[in-house]
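So you know, we letter chains A, B, ... as the sequences are listed, proteins then strands, and number each from 1. Note that this is a predicted model, so its numbers are computed, not measured.
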Amino acid sequence: MKSVKIIAVVCGALALAACDAPKKDKTVDRGIDKKHLSQLKAGVWIDPNGCDHWIIDDGAEGYLSARLDQYGKPVCSGTAPPNTATGAYKSGTFVTDPV
Amino acid sequence: MTGRLFRSVRKVFGACGAIALGGAVAVTGTLTGGAALAQQTTVVGETYIPTIWVDPDGCEHWVMDDGWEGYMSPHTNRQGIPVCRRGNVCGVMNSDQLFQTDSANINAGGRKHLVDFFREAGAVSYIITGHTDSRASDEYNMNLSMRRANSVARLAQQSGVSIADVRGYGERMPKASNNTAAGMQQNRRVEIICIR
């Protein structure tokens, strides 16, 4: 009974200490730059067809997701040439990316 | 003494691992393949519950951080329409004020209104979509809305702005009921989406 209690306490402590492995809560960044993922800052990447995607370089993690208009069609804004990334997509973290 | 302590620490860690694994491995759910045919199945997988990130346009994306990896995908409904908290529509032109019935020629007043609009809007580029009410056939309305959207796009380009896309949706994307005259008038429109 006592050991069960100890296990529960130690597990709780480990989970709190970001030792949640495998990581179960996918909604937060537990790295050095802790934050909820709704805080991410995006730029725009233009694909080879000229269409926009939201791009986020968040230190260890990278995110890319299609920019769609309200009808669900790709937005191809022409804001930059194909194969380029623009905007402050590296600004949401202080973790530098050496590559 | 040291040996016993080490063993019990190992036991505690082992139990933690087992608890973590137990929480992650078996996902039991009901897959419904039709109203009549519901059956219980066990799926081997891990729980991945996303949160929501809202892009600068106001539309939602599913996002997950797996420790080292990040994942993201647009949040759309089952028809492929994005779930947005606000839209990028910056202008709705009432077709009755721009065109004669069945015509795609923009009248003088409408031309001035549109040129002024595009001079003020200041976006990177624009998407122009034409819409009609539900009178006449679907085919006729698809054609008329496209011709009207093209007329607006041509004028926009003449005023020196960049057009990203031009579409005619006919009567297929109503914004009001076609059962009332007021609703039909709202549906006869040319929408301008501003991309910033």
Practice problem: Verify the cluster assignment for B:Ile128 and B:Phe117: are they in a single hydrophobic cluster under the rule of side-chain heavy atoms below 4.5 Å apart? | Solution: yes
Practice problem: Say whether B:Val161 and B:Ile192 are linked into one hydrophobic cluster, either directly or through other cluster members, by side-chain heavy-atom distances under 4.5 angstrom. | Solution: yes
Self-check item: Same apolar cluster: B:Val166 and B:Val190, side chain cutoff 4.5 Å
Solution: yes
Practice problem: Using non-hydrogen atoms and a 4.5 Å limit, figure out which bit of B:Ile49 sits close to chain A: side chain, backbone, both or neither. | Solution: backbone
Quiz prompt | Residue B:Tyr48 versus chain A: region with a heavy atom under 4.5 Å | solution = both
Quiz prompt | Distance, nearest 0.5 Å, that separates OG1 of B:Thr129 from CG of A:Asp69 | solution = 8.5 Å
Quiz item: Closest approach of B:His61 and A:Ser65, non-hydrogen atoms and distance?
Solution: ND1-OG, 2.6 Å
Quiz item: Where does B:Val89 contact chain A at under 4.5 Å (heavy atoms): side chain, backbone, both or neither?
Solution: both
Practice problem: Would you mind checking which part of B:Ile193 comes under 4.5 Å of any heavy atom in chain A, side chain (CB onward), backbone (N, CA, C, O), both or neither? | Solution: side chain
Quiz item: Under a 4.5 Å heavy-atom cutoff, which of B:Ser162, B:Ala123, B:Cys84, B:Ser73 has the most pairs with chain A?
Solution: B:Ser73
Exercise. Select one option (side chain, backbone, both, neither) describing which atoms of B:Pro74 are under 4.5 Å from chain A's heavy atoms.
Key: both
Self-check item: Partner chain A: residue of B:Pro56, B:Gly58, B:Pro50 with the largest heavy-atom pair count (under 4.5 Å)
Solution: B:Pro56
Practice problem: Using non-hydrogen atoms and a 4.5 Å limit, figure out which bit of B:Val54 sits close to chain A: side chain, backbone, both or neither. | Solution: neither
Quiz item: Do the side chains of B:Met173 and A:Gln70 get nearer than 4.5 Å, heavy atoms only?
Solution: no
Exercise. Drop me the distance from A:Leu68's CG to B:Thr76's OG1, to the nearest 0.5 angstrom.
Key: 8.0 Å
Quiz item: If you round to the nearest 0.5 Å, how far is CE of B:Met72 from CG of A:Leu40?
Solution: 5.5 Å
Exercise. Mind checking the CD-CE spacing from A:Glu61 to B:Met64? Nearest 0.5 Å is all I need.
Key: 12.5 Å
Quiz item: Is B:Leu114 reachable from B:Met146 through a run of hydrophobic residues whose side-chain heavy atoms are each under 4.5 Å from the next?
Solution: yes
Self-check item: Contact class of B:Arg196 relative to chain A, heavy atoms under 4.5 angstrom
Solution: backbone
Practice problem: Please state whether the side chain, the backbone, both or neither of B:Tyr169 comes within less than 4.5 Å of a heavy atom of chain A. | Solution: side chain
Exercise. Give the member of B:Cys59, B:Pro82, B:Ser125 that has the highest number of heavy-atom pairs under 4.5 Å with chain A.
Key: B:Pro82
Practice problem: To the nearest 0.5 angstrom, please state how far the OG atom of A:Ser77 sits from the CD1 atom of B:Ile127. | Solution: 9.0 Å
Practice problem: Considering only NZ, NE, NH1 and NH2 on the basic side and carboxylate oxygens on the acidic side, decide whether A:Arg67 and B:Asp57 come within less than 4.0 Å. | Solution: yes
Quiz prompt | Side chain / backbone / both / neither for B:Glu60 at chain A, heavy atoms under 4.5 Å | solution = neither
Quiz item: Do B:Glu69 and A:Tyr63 meet the criterion of a side-chain donor-acceptor pair at a distance under 3.5 Å?
Solution: no
Quiz prompt | Within one Ile-Leu-Val-Met-Phe-Trp-Tyr cluster: B:Trp53 and B:Trp62, side-chain cutoff 4.5 Å | solution = no
Quiz item: Heavy atoms, side chains only, cut-off 4.5 Å: are B:Arg167 and A:Tyr71 in contact?
Solution: yes
Quiz item: Which atom names give the shortest non-hydrogen contact between A:Cys76 and B:Ala164, and what distance separates them?
Solution: O-CB, 3.5 Å
